[in-house]
Structures are given as C-alpha cells and as structure tokens.
2 protein chains.
Amino acid sequence: MPGPTIRDVAARAGTSTAVVSYVLNDGPRPVAAATRERVMAAVAELGYRRNNLGRALRANRTGTLGLVVPDLAKPFFAELARAIEDAAFAHGRRLLIGSTHFDADREHEQIQALLDARVDAMLVVPAHDPTPAVEVLRAAGIPYSLVHHTHPTAPGVAGRDFDAGRQATRHLIEHGHQHIAVLGAASGEGPVSHRSRGALATLAERRRPTTGPLVLHCPFSELRDDAYRATRTLLAEHPSVTALCATTDEHALGALRAATEAGRRVGDDLALVSIDGTELGAYLAPSLTTLAVPFAALGADAVDHVLKPSPAAHIRRHRLSLVLRRSCGCRP
Amino acid sequence: MPGPTIRDVAARAGTSTAVVSYVLNDGPRPVAAATRERVMAAVAELGYRRNNLGRALRANRTGTLGLVVPDLAKPFFAELARAIEDAAFAHGRRLLIGSTHFDADREHEQIQALLDARVDAMLVVPAHDPTPAVEVLRAAGIPYSLVHHTHPTAPGVAGRDFDAGRQATRHLIEHGHQHIAVLGAASGEGPVSHRSRGALATLAERRRPTTGPLVLHCPFSELRDDAYRATRTLLAEHPSVTALCATTDEHALGALRAATEAGRRVGDDLALVSIDGTELGAYLAPSLTTLAVPFAALGADAVDHVLKPSPAAHIRRHRLSLVLRRSCGCRP
DNA sequence: ATGAAAGCGCTAACAG
DNA sequence: CTGTTAGCGCTTTCAT
C-alpha cells in the first residue's frame, strides 16, 4: 500500500505533475481555476498525501527541527521541551528530540544523529561546556541556537540568570534574613553559576555573610541528592542560617526534603526561595516561592530565531518573574 | 556547503557509486578488500556523511519513530518519553515527538503530521478514547503500538493497572484502614479507570465501604486541581476516611496539598498510596508510597514491538511494583 | 568483483 | 497557462 503519488493525481486530473505541484504549493506558477478544481478533486478522491521525503530531498528542507536536551524527564527540561514543541508546531514544523543523560559523548552523538537526519535547524540545551556543541553546529552550516545554557560566541536564548539570583536573594533580605545560604555553584559558566553569583553579589552588597557552604554542581543528574545532602549538613552545622536560596527547583526539592527530615518547617522557621518555576513548585508542601523562567517565551524565541535567518548571532535573555507562594514565609 | 555526495566519494576512490554504497552498507554485494580500503580512505578524506534523505526516499525507511503524547511536561509522560527515547536511541532510531495538550483534534493532527514525515512506526499515548487514533494508524499501514492507554483491538503496551489498584488498596487494608477513599474515576476505559476499579473491587471483597466520593477524571490537564478540590471536600465532609488511594501521582499531588492545608499529617494521621511511581514521589514531603510503572521496560517493549513485525497484535501488560516510602505510614 | 543506469516522489527550470 | 523533463542522493538490479 504505497499510497498514490503525484503522478497518479496528475493522471486522474488529466494534467501534468508540474501543475499538480503548483496547486499543492500555491505556486510558483499560476494555475487556471478550472484545472485547480480538477486537481483538488483528484487529490480528494485518491486520498493523496504528499510524500515529504521526495519534497525534502528535492528542496533540501525537511520541515523538521532538532532538539537535544540533557534529560527529557527532569521537570525543567520537560517544560522547556514542551514549550519548544508548541512553538515548532505553531510554525508547522516537526520536532526530533534527543536526550543525553548529561553525557558529553552522548550529546555529541545526538547532535550528529539529528544533523544526519537533516533537520532544518537545531536547538541544543548543553549539559556542561557548550563549546564542542557550538563547534559542530557552526560547522554544520544550519541555523542553530543554544537554549538555557549559552556560549559567548554563539546564538542563544536564556533567562536573565544573574538577575534572578539577585531577585531571589533580595526577596529573602526583605524578609529580614541575616544569614542566607546559597545552594548552587560559585564557579563555572552555566545558569546555576550565574544565578549563584547573582545571589552572592547581592549578599555582599547588603553586607550579609557569604560564607555558607555551596552545593557543588557535580553530577547534574543527581542534583536533588546533592542538594539534599548539602542541606542536611548545612542545617546541622550552621543553625544560624534562616534562609536558603536554591538556584534550581531540583536544589529546592532536595533542600525541602532535608529540612523536613531535620524537623524544620519551611516557610515558617526556615525560608526558601528557588529559581526555575516548574509546575511542581505549586504543589509541594509548602508551595515554592520561585523565580519563574518564562518557558513559553523562551521556546517561541528560540524557534523564531532559528526559523528566520537573522544576521546578528546574539544572545537573547528573558527576565524571570517572582512568584510568591509559601516557602519564603510570605503567607504564614 | 552542500557536503560531498556518494559520487564525490566514488570519484575520489576511483570506483562507482554502487561499490561505495556496498561498502557503506556492508552489502548486499561483497567488495574486494583493497577497494574497500580506498573507499574508506576517500570517505575519511572528504569527511563524507551519508544523506539520509536520499536513502530514505529510495528505501522508504527513515529510521525515525513517531511518538505522540498528551503532555510532554507532565512527569508521567515525560518519564515515558525518556524511556522511549532511550529505547529508540539504543536501536539507532531517531524520535519525532508531538504533544497534544489532551486535545483530540490536536492528537489527530499530530499523528497525521508524523505520518506525513514518514516515520517507520508510531507510538501513541492516547489522551482519551483511543479509537480514532487506532483507525488512522491501522489505515496508515505501518507498525504502531498504543502505550499506557490501550484499545481492545489494537497492539499496545501498558501497566497491569487493575492489579495496581488492587495492590495499592490491599496495602492500605493491611495497615488496618477501614474507610479508604479512591481518587480516580469509576467509569471509562483509561488506566485511571482500571486502577480505580481494581481498588474498588478490592474494597468490596474485603467488606470495606466503597461510597467515598471519587474524583471525576474530567479535564485531564487539570488533574492536580481536581484532586485537590475533591480531597478538600472529602476531608471536610468525611472525617472517618483515614486512607487515600490516589490512582496517579498527579492525584496524589493534589491530595497532598489539600491534606496539608487541612492540617492533616500524611503518613501519620492520613495514609496515602499512589500509583505511577514518577521520580518526584521520592522528594515530596512526605515521600510517596507508590505502585511504580516500569517505565524503562514499557519503553523498551513498545519500541521492540514496532521494530519487529510480530504477527499477533496483542496487548502486553507489565506489572507495577510497590515502593514503600512515608506517605502510607510504613515508616513512622 | 565492479560499473552503468534506473528510479524512489517531488520541484522547478525550460519550453511551448 | 500547461507539459516535459532534469535531477536532488541514494540503493540495487542488471550486465559485465
């Protein structure tokens, strides 16, 4: 059952394949109304659907975008992927997705696999150092954009992470907290680092101690556990800490667990603000006050960017918005 | 920069495109060792990468699988998607993903879009009634499988949902609970309904009341809110209820929030067992005792099934396993 | 063991 | 306005 081809349609409509193609694509040449009618009728009668393989080979465009993410199942990347899929769908594009498990080799394999599938453009959310990905993408000669984790010389779309760290910390300071710990990473170049540095900068400006232990971002896939263990230690050894700035919802999840197990009531005798704004924050107990990444805007921007070849390959940063819930102590 | 073609390789190796193809594919005809060497060298020197579009058009195989899910960002579907992507990758296949927002029309559009992209096989997680999807898939003449939500006359892979409902309820009964409410749906044919009916059947057998209000599964995308509201009402009006069987982790999330707001301590004066086993259950406070869907097994099975044309189009069901954590009161 | 050539389904240049 | 045809890159039959 190979399905009818454009030739079958042409034969049935008593015309040529060229005309059928013109009708199907509304161009590039005009077609008489009567002929168009016959073609449409033939298409309907035969149940013809264009074979995109032929079209793609000919046009060297597949109508498909590639997306490579560290882990499709982690809430943050899942929401990002959904936003990007929505944007792609809105533009009539299909989305080919590859997950890397935060593994650099696998990231490279996935990028190659999607390039080999001839995607029209590629979106990559790098797990660690974006440099290798950028080199491959540049060499591929197709539009691309990094997402969330950017690189100074490559096009990218991300949140204003440094600012988000500042906002989160500022909010805790406004609550009157003196000793605030940051769950993140002081070094490195990813979003977690930017957020952490924003938080630390604000603490320093406001003359708050910045000596609290920082969670090292080590194996990213185990962030919750890292944050859990770090928070457990922190609460035991530094009872003066009354507030936590978690640089991702994953960190917050681990911190929440540690705090609960230590008998601290988050939102009451321990304040917590996190950054990410994934949906689950609303349903945790207590619900998370968070700086929310504008997922939809990020996804739309990323897709728009790779779909229209803009000359300047710059980085667009979107503001995160403060969502007040229970964990910061705002509503007692 | 169109990249070298097989002709360029042939020219450089001083042979024909046919032989290059034989080398690249290890067949179907043998090639002399010396010739093979020259071809390999030419491939390496030119940095040749096969254009899969040409191959796909010729072979009528794209090496791509399609996956349609209700919502890529919901933890359950996100974990399912990751498992399926892993399985596809392990088989050297790419995965084209479409999200439907639980909308029947959009589900149809996504299926059509992926069929038009000429996927070799399709996996669909239906949001509601699987029948329209099944009809389209059958007509498409490619291997397909439903996932999670099955249909009596179509191939499918799912959990043993009825049993899971029984197991969850049995566990609560073993804890000594007399009045157990089920958060799910008594009618309909989806996984939630099967789980709910399993739970109700067990309650009836053990002579427990089955009159507790059930959450109607109405707009699936708002499950958490539905469960939240239903649980709030339930706890207010039926103080005798001491245990909850949540038929999905989404229901559990809503129930947990409602219980916490009502001042009930889940795992202490209110028991909760949920079904799904998504990762986040381990990090909630309290952590969720749950019947875990074997995501990896499901994904692998689904992909295996569509990749090897098995004659019998049956439904394979996988057992869910009980994961003991805090919410049921097992560990005080 | 190798080469020439047909053709997958489509688009578009070219010719009427 | 319409038809004929080349050719996208690849695989594979057929001939040698």
Side-chain angles (χ1 to χ4, degrees), chain A residues 1-43 46-64 115-120 141-142, chain B residues 1-40 42-43 46-64 115-120 140-142:
Chain A
M1 45 178 68
T5 78
I6 200 174
R7 299 184 84 91
D8 301 322
V9 175
R12 178 146 181 124
T15 182
S16 71
T17 61
V19 168
V20 174
S21 175
Y22 299 151
V23 171
L24 258 31
N25 300 324
D26 246 341
R29 310 232 55 99
V31 175
T35 318
R36 155 173 268 111
E37 287 298 310
R38 294 203 322 276
V39 170
M40 309 275 266
V43 165
L46 295 173
Y48 170 79
R49 308 217 99 217
R50 169 168 52 208
N51 183 331
N52 279 312
L53 254 31
R55 186 229 261 274
L57 177 59
R58 175 64 217 230
N60 207 34
R61 288 186 39 258
T62 53
T64 300
L115 289 175
D116 284 350
R118 252 40 192 199
V119 293
D120 295 337
I142 61 171
Chain B
M1 46 178 65
T5 78
I6 200 173
R7 299 184 82 93
D8 301 323
V9 176
R12 180 149 183 125
T15 181
S16 69
T17 61
V19 169
V20 175
S21 175
Y22 299 152
V23 171
L24 258 31
N25 301 323
D26 246 342
R29 309 233 56 101
V31 175
T35 316
R36 155 172 266 111
E37 287 299 310
R38 294 205 319 280
V39 170
M40 308 277 266
V43 165
L46 295 173
Y48 170 79
R49 309 216 101 218
R50 170 168 50 208
N51 182 332
N52 279 312
L53 255 31
R55 185 225 260 270
L57 178 59
R58 175 64 216 227
N60 207 32
R61 287 186 39 257
T62 53
T64 300
L115 288 175
D116 284 350
R118 251 41 191 200
V119 293
D120 294 337
I142 60 171

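Throughout, a chain's letter reflects where its sequence line sits, starting with A, and its residues are numbered from 1. Being a predicted model, the structure only gives us computed values, none of them experimental.
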Starting from the first five and the last five pairs of the helix from dA1(C)-dT16(D) to dG16(C)-dC1(D), work out the angle between the resulting helix axes, to 10 degrees.
50°

Please determine whether side chain to side chain contact (heavy atoms under 4.5 Å, CB included) holds for the pair Asn51(B) and Thr5(B), giving the CA-CA distance in whole Å, both sets of side-chain angles, and the decisive distance to 0.1 Å.
CA-CA 8 Å; Asn51(B) 182 332; Thr5(B) 78; over 6 Å; no

Pairs satisfying side chain to side chain donor-acceptor pair (under 3.5 Å), at least one member in residues 29-40 of chain B, at least two apart:
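Every pair satisfying side chain to side chain donor-acceptor pair (under 3.5 Å) with a residue in residues 29-40 of chain B: Asp26(B)-Arg36(B).
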
Which of residues 49-56 of chain A have a heavy atom under 4.0 Å from DNA chain D?
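The stretch gives none, as no residue of it lies under 4.0 Å from the strand.
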
Pairwise N/O distances under 3.5 Å, protein to nucleotides 12-16 of chain C:
from: dA13(C); atom 1: N6; to: Tyr22(A); atom 2: OH; distance (Å): 3.1

May I have the distance from [X] (atom [atom1]) to [N] (atom [atom2]), rounded to whole angstrom?
| X | N | atom1 | atom2 | value |
| --- | --- | --- | --- | --- |
| Arg61(A) | dG9(D) | CZ | P | 16 Å |
| Ile6(A) | dG7(C) | CD1 | P | 18 Å |
| Leu57(B) | dG9(D) | CG | P | 12 Å |
| Leu46(A) | dG9(C) | CG | P | 14 Å |
| Asp116(A) | dC10(D) | CG | C1' | 14 Å |
| Asn60(A) | dT11(C) | CG | C1' | 13 Å |
| Asp26(A) | dT11(C) | CG | C1' | 15 Å |
| Arg7(B) | dA5(C) | CZ | P | 11 Å |

Taking all non-hydrogen atoms of both residues into account, name the closest pair between [X] and [Y] and its distance.
| X | Y | answer |
| --- | --- | --- |
| Pro4(B) | Leu46(B) | CG-O, 3.6 Å |
| Leu24(B) | Tyr48(B) | CD2-CE2, 3.6 Å |
| Met40(B) | Val23(B) | SD-CG1, 4.0 Å |
| Ser16(A) | Ala10(A) | C-CB, 3.6 Å |
| Val9(B) | Val39(B) | CG1-O, 4.2 Å |
| Thr15(B) | Val19(B) | OG1-CB, 3.4 Å |

Residues 56-63 of chain A, side-chain donor-acceptor partners within the protein, below 3.5 Å, at least two apart:
from: Thr62(A); atom 1: OG1; to: Thr64(A); atom 2: N; distance (Å): 3.3
from: Thr62(A); atom 1: OG1; to: Arg118(A); atom 2: O; distance (Å): 2.8
from: Thr62(A); atom 1: OG1; to: Asp120(A); atom 2: OD1; distance (Å): 3.3

Sorted by number, residues from residues 31-41 of chain A placing a heavy atom under 4.0 Å from DNA chain C are none

Charged N-O contact under 4.0 Å between Asp116(B) and Arg50(A)
no

